[in-house]
Number of protein chains: 2
Amino acid sequence: MIPENTVERLSLYRRVLQQIWAEGKETIMSHELAQILHIKPAQVRRDIMYLGYSGIPNIGYKVKSLIESISQFLDSTSQQSAILVGVGHLGMALLANFSGRWRQLAIRAAFDRDPEKIGRVFHGCVCYSVEDIPKVVGELKSIIGIIAIPADQAQKICDLMITSGIRGILNFSPVRLKVPEYVYVEHVDLSATFEKVAFFARTMKKLEEEKSKLPPILENCSDGYNQNVKEENLRKDVSV
Amino acid sequence: MIPENTVERLSLYRRVLQQIWAEGKETIMSHELAQILHIKPAQVRRDIMYLGYSGIPNIGYKVKSLIESISQFLDSTSQQSAILVGVGHLGMALLANFSGRWRQLAIRAAFDRDPEKIGRVFHGCVCYSVEDIPKVVGELKSIIGIIAIPADQAQKICDLMITSGIRGILNFSPVRLKVPEYVYVEHVDLSATFEKVAFFARTMKKLEEEKSKLPPILENCSDGYNQNVKEENLRKDVSV
DNA sequence: TATAATTTGTTATATAATTCACAATTATAC
DNA sequence: GTATAATTGTGAATTATATAACAAATTATA
């Protein structure tokens, strides 16, 4: 229904808007948001359309109420608790970032196999044995799980999460999880991402070298990085 | 030219193929790879097309030579060194994962502002002062940078990386970096991703609840999770 | 109050990614 | 050797996503 990318961008918009609100700005226009995030104004307006929220022509959007509208859309009416399985280096980093950072959403429990870790508290989160997943998930009424363990156990933990009630999984393991159609999975494959960046870094470098061989010609000004863009056009959709 | 998603999947294919090769299997078919990664066989074939590699009808792909073909495409002919800026929780996790893991690609230097960290070695990586970025990047001939620092310094570090010669950036900060068109950036925004998973977890849950109100009807069998699919169709493109 | 200037909301268009569908190819069975 | 079965490679169709284009709306200004 609503594009995944739009949901992700709404989260970005909210973060920017909160910053802007803190700076005392009360309204913002689509091209301003677009400029900050390096996307097109039309994209911003299109995304905001999904909220059912309306701005004011010639003025823009009211920052405060747009934040509220995004929050109403993105957030649960009640507290949402996530669980994390795997308190290794990455799990620890996630706990440091996500435990108690927002009001509406936080990691509330951690799990590990290592007896050294079970029972201890990491960044405000108690670490339980993985066997306790069903019990704790039930108590927290959690539907969000994070997997930060090695490949070999990932699918097993995933299955256990799902039978326990988890319906959205953020998976950092390199395994592509098999889930029923009523469970959402986001794969964050750091190795693959790293390799992709390395590949395109080389591509970019080659491109640059080839270009520098050519005589200096007019730059293509596709993304506003070019300084030759007329000032009056900077604030507009290129098409208008 | 080549789709970003294809590059990322090629990395996945290689990892699966290496596993499969280690298990002694010498050939593999598109539907097998597809089944492991939960994608469509046509997607696998299309991706492999970009390599210029050819399989054998009725047999599949030779595992060994497909790995070689992917490596030839993805990897640099020489060693590639990446640098990491920000040795916090996340940076440390990345070092643990990526320093010296592959032959062709690894993090070779870390940077931080904290005098406590500068000069120390983390997971085999020396930590330098951020001021040394230009010097070290030059010495390593690195074109890949990882940003794992807070928002406020991200753009400044990004600019410094680029003037030092970095052409591909893996950015974990919540800032959308402004870069010239000859630099590739991959944004991994963990907060936004987390919020997205939370959102779709709720969506899934609602969907499930609505469905359970309806009388039990035929399941739609879109992804092979359904047990009612005929066995002989499991190994085929649905269309054939 | 009328006119000009600007920005939104949204439809239409363009671009990109995925999936289908089937001809071409190869192996195997007879 | 021929027929049969299976799988690849790829043009065409579909789906998803992003961008352009412009009418409608609102404010500022004369």
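Throughout, protein chains are lettered first and strands after them, A, B, ... in sequence-line order, and every chain is numbered starting at 1.
To the nearest 0.5 angstrom, B:Leu37 atom CG is 10.0 Å from B:Asp47 atom CG.
Checking C:dG9, D:dT26, C:dA21 against the side-chain heavy atoms of A:Tyr61 singles out C:dG9 as nearest. With C:dG9, C:dT26, C:dT7 as the choices, the nucleotide that has an atom nearest any side-chain atom of A:Ser54 turns out to be C:dG9. Of the candidates C:dT8, D:dT26, D:dT8, C:dT8 carries the atom nearest the A:Arg45 side chain, counting heavy atoms from C-beta on. Set against D:dA21, D:dA18, D:dT8, the side chain of B:Ser30 has D:dT8 as its closest nucleotide.
Atom P of nucleotide C:dT26 and atom CG of B:Asn58 are separated by 11 Å, given to the nearest angstrom. In this entry the distance linking CG of A:Asp47 with P of D:dA18 reads 8 Å, nearest Å. For A:His31 and C:dG9, the NE2 to P distance is 15 Å, given to the nearest whole Å. Between the P atom of C:dT19 and the CE atom of B:Met49 lies a distance of 16 Å, rounded to the nearest Å. Separating the CG atom of B:Leu37 from the C1' atom of C:dT18 is a distance of 16 Å, rounded to the nearest angstrom. One can place CD of B:Glu32 at 14 Å from P of D:dA6, the figure rounded to the nearest angstrom. Distance CE (B:Met29) to C1' (D:dT8): 11 Å, rounded to an integer number of Å. Following rounding to the nearest Å, A:Ile39 (CD1) and D:dA18 (C1') show an atom-to-atom distance of 10 Å.
Interface remark: the B:Arg46 side chain does form a donor-acceptor pair with the C:dT19 base, using a distance-only criterion of under 3.5 Å.
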Test log, rule salt bridge (Lys or Arg N to Asp or Glu O under 4.0 Å), inputs A:Arg15 and B:Glu195: CA-CA 12 Å; A:Arg15 197 165 51 204; B:Glu195 293 197 339; over 6 Å; no
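Two residues are said to be in side-chain contact when any heavy atoms from C-beta on lie closer than 4.5 Å; B:Asp75 and B:Leu105 fail this criterion. A heavy-atom distance below 4.5 Å is found between the side chains of A:Ile67 and A:Trp21.
Taking the six-membered ring where tryptophan is involved, the planes of A:Tyr53 and A:Tyr61 are tilted, since the angle between them lies from 30° to 60°. Ring orientation note: the planes of B:Phe98 and A:Phe194 are close to parallel, at an angle under 30° on the 30°/60° scale.
Across the interface with DNA chain C, nearest-nucleotide mapping of B:Gln43 and A:Ile48 shows A:Ile48 to be the residue nearer the 5′ end.
Of the residues in residues 1-15 of chain B, those lying under 4.0 Å from DNA chain C by heavy-atom distance are B:Pro3, B:Asn5, B:Arg9.
Using a 4.0 Å cut-off, no side-chain N or O of B:Tyr50 falls inside it from OP1 or OP2 of D:dG9.
When heavy atoms are screened at a 4.0 angstrom cut-off, A:Ile59 is found touching the sugar-phosphate backbone but no base atom.
Base pairing of D:dT19 is made with C:dA12, judged by Watson-Crick or G-U wobble geometry with both donor-acceptor distances under 3.5 Å.
In this structure, a donor-acceptor pair under 3.5 Å is present between the side chains of A:Glu23 and A:Gln19.
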